[in-house]
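Per chain, numbering begins at 1; letters A, B, ... match sequence-line order.
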Amino acid sequence: MNDGRFLSRLPGAHKTASGGQRSALGFHFRTIPMLDAGFIRDNLSAVKANCANRNATPDLDRIVALDDERKRLQRVADETKAKQNEISKKFPSAKTPEEKASLKEESGKLKEAVASTDALLKQVQLDLHAALMTVPNMTHPDAPVGRDPSSNKVVAEFGTKPNFDFKAKDHYDLIHELDLADLEAGAKVAGQRFYYLKNEGVLLELALVQYAMQTLIRHGFTPIITPDVARVEVLEGIGFMPRDNAETRQVYTIADTDLCLIATAEITLGGMHRDQVFDEADLPKKYVGLSHCFRTEAGAAGRDTRGLYRVHQFTKVEMFTFCTPEQGEAIHEQIRAIEEEIFNGLGIPFHVIDTCTGDLGGPAYRKYDLEAWMPGRGTAGDYGEITSTSNCTDFQARRLGIRYRPKEKKGGGLPFVHTLNGTAVACTRAMIAILENYQQADGTVRVPEVLQPWIGKDVIRAKKG
RNA sequence: GGAGAGGUGGCGGAGUGGUCGAUCGCGUUAGUCUCGAAAACUAAUUUACCCGAAAGGGUAACGAGGGUUCGAAUCCCUCCCUCUCCGCCA
């Protein structure tokens with residue numbers, strides 16, 4: 001799904017809870033950006049080209065200049081502090097009051113110098129940080145280049161579109177006729193785009209969750225149920241912008257707290273290991289998380305208003321892995337293969353999209369979407385997104401401070417892990433695909449075989465009366 | 001929500017104003033020994049940033065932020081978190 005994440009400027013100073021990256025000033029950044037200034041400096045033309053492909057316009061030259069200034073100020077501050085430390089060391093051996101007084105005076109002057117340099121340094125660090133936050137991830141060389149979704153590339157197709165000898169209904173009609181959900185009650189109680197599931201609608205959701213969980217457990221993923229809320233800084237670490245103004249913000253914030261309702265378990269799964277250092281031997285870590293997802297759908301006014309396609313709350317089973325850079329691409333392919341397995345197992349026709357540069361969003365290095373054929377969508381059926389899997393390389397890990405200790409220590413600091421995520425099942429979208437593809441001429445809907453054990457029947461019929 | 005106790009390196013746990021980036025134990029890694037392993041012994045073992053080709057040097061960090069001081073893990077203030085007990089509750 002389109003998570004609605006995008007890059008924008010972060011407000012500069014904000015207090016941190018704990019952890020995070022520490023500068024020489026002791027000042028804490030809540031997050032650090034995907035690309036560090038050194039990388040940008042060394043690869044300036046490549047980064048510029050990448051930003052152009054991604055419709056991003058960070059001021060890269062300014063970043064390099066700010067980094068120069070940062071280094072200069074850091075050196076000045078460090079040297080002054082070194083002098084100050086020397087004076088302190090002399091103090092215990094100072095005998096006379098005069099000696100002590102003169103040491104105090106000297107130290108006092110240095111103290112002022114340090115304070116002013118530190119203030120400048122802090123501002124430069126804030127500016128640099130803010131500028132770096134606007135730089136998107138680099139892009140996989142094989143990802144299609146293009147400005148908008150029209151450049152997305154279909155890389156695989158699975159299943160066969162149903163050939164109905166009747167007029168296909170859309171899921172909205174099926175839900176009402178079979179009494180699987182109550183959208184009116186949802187609107188009355190919580191507002192437009194909320195819903196109650198009912199009857200087999202409930203069983204369908206639970207069955208999808210079970211089916212997805214069981215499949216992922218079979219693939220060695222650790223099952224997790226996560227909180228449905230998370231701190232603002234975790235959202236930012238994952239790449240969301242919860243501090244945006246209310247008109248553009250994609251997530252709900254909880255009044256009088258620094259918490260948000262999560263838009264995906266990617267947030268809570270990714271945040272689970274923030275500020276940690278893994279041993280390389282423990283990687284990859286593969287999780288499958290269940291959560292509710294809440295989205296404001298800002299900017300989607302008037303789109304997909306019918307039925308369950310675009311709602312403010314839904315249930316989702318999400319894959320998330322922490323791994324080494326070397327493992328990342330293979331795991332991305334594995335996650336995509338699992339998504340294909342899940343929807344092939346459900347008997348849903350779908351194709352796979354390799355997302356183009358302009359449509360990637362900030363964190364993703366490469367992204368595949370599965371789009372299911374939905375016979376009731378549009379006038380004669382259309383594809384609708386059902387899953388999405390991204391390789392975020394170290395973009396999120398940098399912001400969340402997640403590193404690993406390599407088996408062979410190479411010197412030069414600990415590398416960041418790579419993170420990948422992918423939808424196993426987003427219940428409402430999967431439900432739409434099932435209802436519309438499995439409908440029959442008599443208005444009933446067959447139950448996909450793999451879900452029957454949990455639903456206890458093979459056909460969903462209209463209720464009597 | 002109330003009361004109390006705590007937050008130190010991968011883990012455990014010392015340390016109450018300077019010689020502490022931090023005793024010690026465990027773990028991990030390497031070496032010795034061994035046919036091999038274990039045990040024992042020896043050594044290494046936090047991280048970020050800056051300078052440097054490197055060797056090496058500098059700065060910072062003991063939950064977070066601020067304060068006192070020539071000097072703070074250590075004293076003061078604020079906040080966060082964890083644990084125990086009580087209350088409430090699915």
Going by salt bridge (charged side-chain N to carboxylate O under 4.0 Å, His left out), A/Lys109 matches just one of A/Glu106, A/Glu112, A/Glu105. Which one?
A/Glu105

Taking [M] as the reference, what is the distance to [N] when you measure between their [atom1] atoms (whole Å, please)?
| N | M | atom1 | answer |
| --- | --- | --- | --- |
| B/rU32 | B/rC80 | C1' | 49 Å |
| B/rG13 | B/rG17 | P | 23 Å |
| B/rA5 | B/rA90 | P | 32 Å |
| B/rA14 | B/rC24 | C1' | 7 Å |
| B/rA39 | B/rU46 | C1' | 29 Å |
| B/rA48 | B/rG9 | C1' | 15 Å |
| B/rC35 | B/rG25 | C1' | 33 Å |
| B/rU8 | B/rU82 | C1' | 15 Å |

Is the distance from OP1 or OP2 of B/rC51 to the nearest side-chain N or O of A/Arg72 less than 4.0 Å?
no

Does OP1 or OP2 of B/rC50 have a side-chain N or O of A/Arg70 closer than 4.0 Å?
yes

Does any nucleotide pair with [N] by Watson-Crick or G-U wobble geometry, both distances under 3.5 Å, and what is it?
| N | value |
| --- | --- |
| B/rC26 | B/rG10 |
| B/rU82 | B/rA5 |
| B/rA37 | none |
| B/rA73 | none |
| B/rC62 | none |
| B/rU68 | none |
| B/rG87 | none |
| B/rU19 | none |

Are A/His332 and A/Tyr368 near enough that their ring centres are under 6.0 Å apart?
yes

Between [atom2] of [N] and [atom1] of [X], the distance in whole Å:
| X | N | atom1 | atom2 | value |
| --- | --- | --- | --- | --- |
| A/Gln125 | B/rA60 | CD | C1' | 11 Å |
| A/Asp258 | B/rC79 | CG | C1' | 12 Å |
| A/Glu233 | B/rA64 | CD | P | 15 Å |
| A/Arg403 | B/rC49 | CZ | P | 7 Å |
| A/Asp78 | B/rA61 | CG | C1' | 13 Å |
| A/Asp118 | B/rA60 | CG | C1' | 10 Å |
| A/Arg231 | B/rG63 | CZ | C1' | 13 Å |
| A/Glu280 | B/rU28 | CD | P | 18 Å |

Within the sub-3.5 Å range, which N or O atoms of nucleotides 69-72 of chain B have a protein N or O partner, and how far apart are they?
from: B/rC70; atom 1: OP1; to: A/Lys104; atom 2: NZ; distance (Å): 3.2
from: B/rC70; atom 1: O2'; to: A/Ser88; atom 2: OG; distance (Å): 3.3
from: B/rC70; atom 1: O2'; to: A/Ser107; atom 2: OG; distance (Å): 3.0
from: B/rG71; atom 1: O4'; to: A/Ser88; atom 2: OG; distance (Å): 3.2

With a non-hydrogen cut-off below 4.0 angstrom, is A/Asp279 in contact with a base, only sugar-phosphate, or nothing?
nothing

Given the rule in the salt bridge (charged side-chain N to carboxylate O under 4.0 Å, His left out) test, do A/Lys90 and A/Glu86 qualify, once you have shown the distances and angles that lead to the verdict?
CA-CA 6 Å; A/Lys90 283 185 205 158; A/Glu86 267 179 54; 5.3 Å; no

Applying side chain to side chain donor-acceptor pair (under 3.5 Å), run through A/Thr264 and A/Lys316 and close with a yes or a no.
CA-CA 7 Å; A/Thr264 160; A/Lys316 181 159 64 67; 2.7 Å; yes

With RNA chain B as reference, determine whether A/Val277 or A/Arg75 sits nearer its 5' end, using the nearest nucleotide of each.
A/Val277

With a 3.5 Å distance limit and no angle check, can you tell me whether A/Asp182 reaches the backbone of A/Tyr196 through a side-chain donor-acceptor pair?
no

Applying the side chain to side chain donor-acceptor pair (under 3.5 Å) criterion to A/Asp67, which one of A/Gln125, A/Arg41, A/Arg62 satisfies it?
A/Arg41

Please tell me which of the listed nucleotides, B/rU47, B/rG58, B/rA60, lies nearest to the side chain of A/Ala82?
B/rG58

A/Lys81 side chain, from C-beta outward: closest of B/rC51, B/rU59, B/rG66
B/rU59

Parallel, tilted or perpendicular: ring planes of A/Phe194 versus A/His312, cut at 30 and 60 degrees
tilted

Worked verdict on A/Glu200 versus A/Arg461 for salt bridge (charged side-chain N to carboxylate O under 4.0 Å, His left out):
CA-CA 9 Å; A/Glu200 292 92 342; A/Arg461 304 173 192 282; over 6 Å; no

How about CD on A/Glu341, more than 12 heavy atoms from neighbouring residues, nucleotides or ligands closer than 6.0 Å, or not?
yes

